[in-house]
Amino acid sequence: MKQQEINELTTPELRERLATAKDKLVTMRLNHAISPLENPQLIKAQRRDIARMMTEVRRREINENK
C-alpha cells in the first residue's frame with residue numbers, strides 16, 4: 001500500500017486496515033515457518049506497510065491534540 005492510498009483513508013478505515021494487515025502478517029509468518037513462502041519478501045513488504053499505517057495513525061493523533 002502506498003503512502004498516498006493511506007492518506008486518503010479515514011481514521012477508522014485506517015485502523016481497520018491496520019488490524020487486518022497485522023493479522024495477515026501473523027498468518028504469513030506461521031505459513032513461512034511451516035513451509036517456505038514462494039516470495040519471502042512479502043513479509044518484509046507487509047511489515048513496512050504496517051509501519052506506514054501506524055505512522056499515519058500516530059500523526060493524526062498528534063494533529064488532533066494540537
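Predicted, not measured: the structure shown is a model, and the values here were computed from it. FYI, side chains are in, hydrogens and waters are out, and symmetry mates aren't considered; it's all heavy atoms of this structure.
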- Kindly compute the distance separating CG (N65) from CZ (R60), expressed to the nearest 0.5 Å. 14.5 Å
- Roughly how far apart are L14 CG and M54 CE, rounded to 0.5 Å? 11.0 Å
- With rounding to the nearest 0.5 Å, note down the distance linking CD in E8 to CD1 in I6. 10.5 Å
- Query: Can you list the residues that meet the salt bridge (Lys or Arg N to Asp or Glu O under 4.0 Å) rule with E61, with sequence neighbours excluded?
  - Reply: R15, R58
- Query: Should we say atom CD of Q3 is surrounded by more than 12 heavy atoms from elsewhere, each under 6.0 Å from it?
  - Reply: yes
- Message: So, using side-chain hydrogen bond (donor to acceptor under 3.5 Å, both in side chains) as the criterion, who are the partners of R17 when residues are at least two apart?
- Response: none
Under 3.5 Å, which donor-acceptor pairs link side chains of residues 37-46 to any protein atom two or more places apart or in another chain?
{"from": "N39", "atom 1": "OD1", "to": "Q41", "atom 2": "N", "distance (Å)": "3.2"}
{"from": "Q46", "atom 1": "NE2", "to": "A21", "atom 2": "O", "distance (Å)": "3.2"}

- Partners passing salt bridge (Lys or Arg N to Asp or Glu O under 4.0 Å) against R59 (at least two apart in sequence or in another chain): E56
- Item | Set of side-chain contact (heavy atoms from CB on, under 4.5 Å) partners for E13, sequence neighbours left out | L9, T10
- Task: Output the distance between atom CG (L25) and atom CG (L30), rounded to the nearest 0.5 Å.
- Result: 9.5 Å
- Is any side-chain heavy atom of E5 less than 4.5 Å from a side-chain heavy atom of R52? no
- Other hydrophobic cluster members with I34, side-chain heavy atoms of Ile/Leu/Val/Met/Phe/Trp/Tyr under 4.5 Å, chained? none
- Message: Let me confirm one number: the OG1-CZ distance from T55 to R48, rounded to the nearest 0.5 Å.
- Response: 12.5 Å
- Rounded to the nearest 0.5 Å, what's the gap from CE on M1 to CD1 on I50? Could you check? 11.0 Å
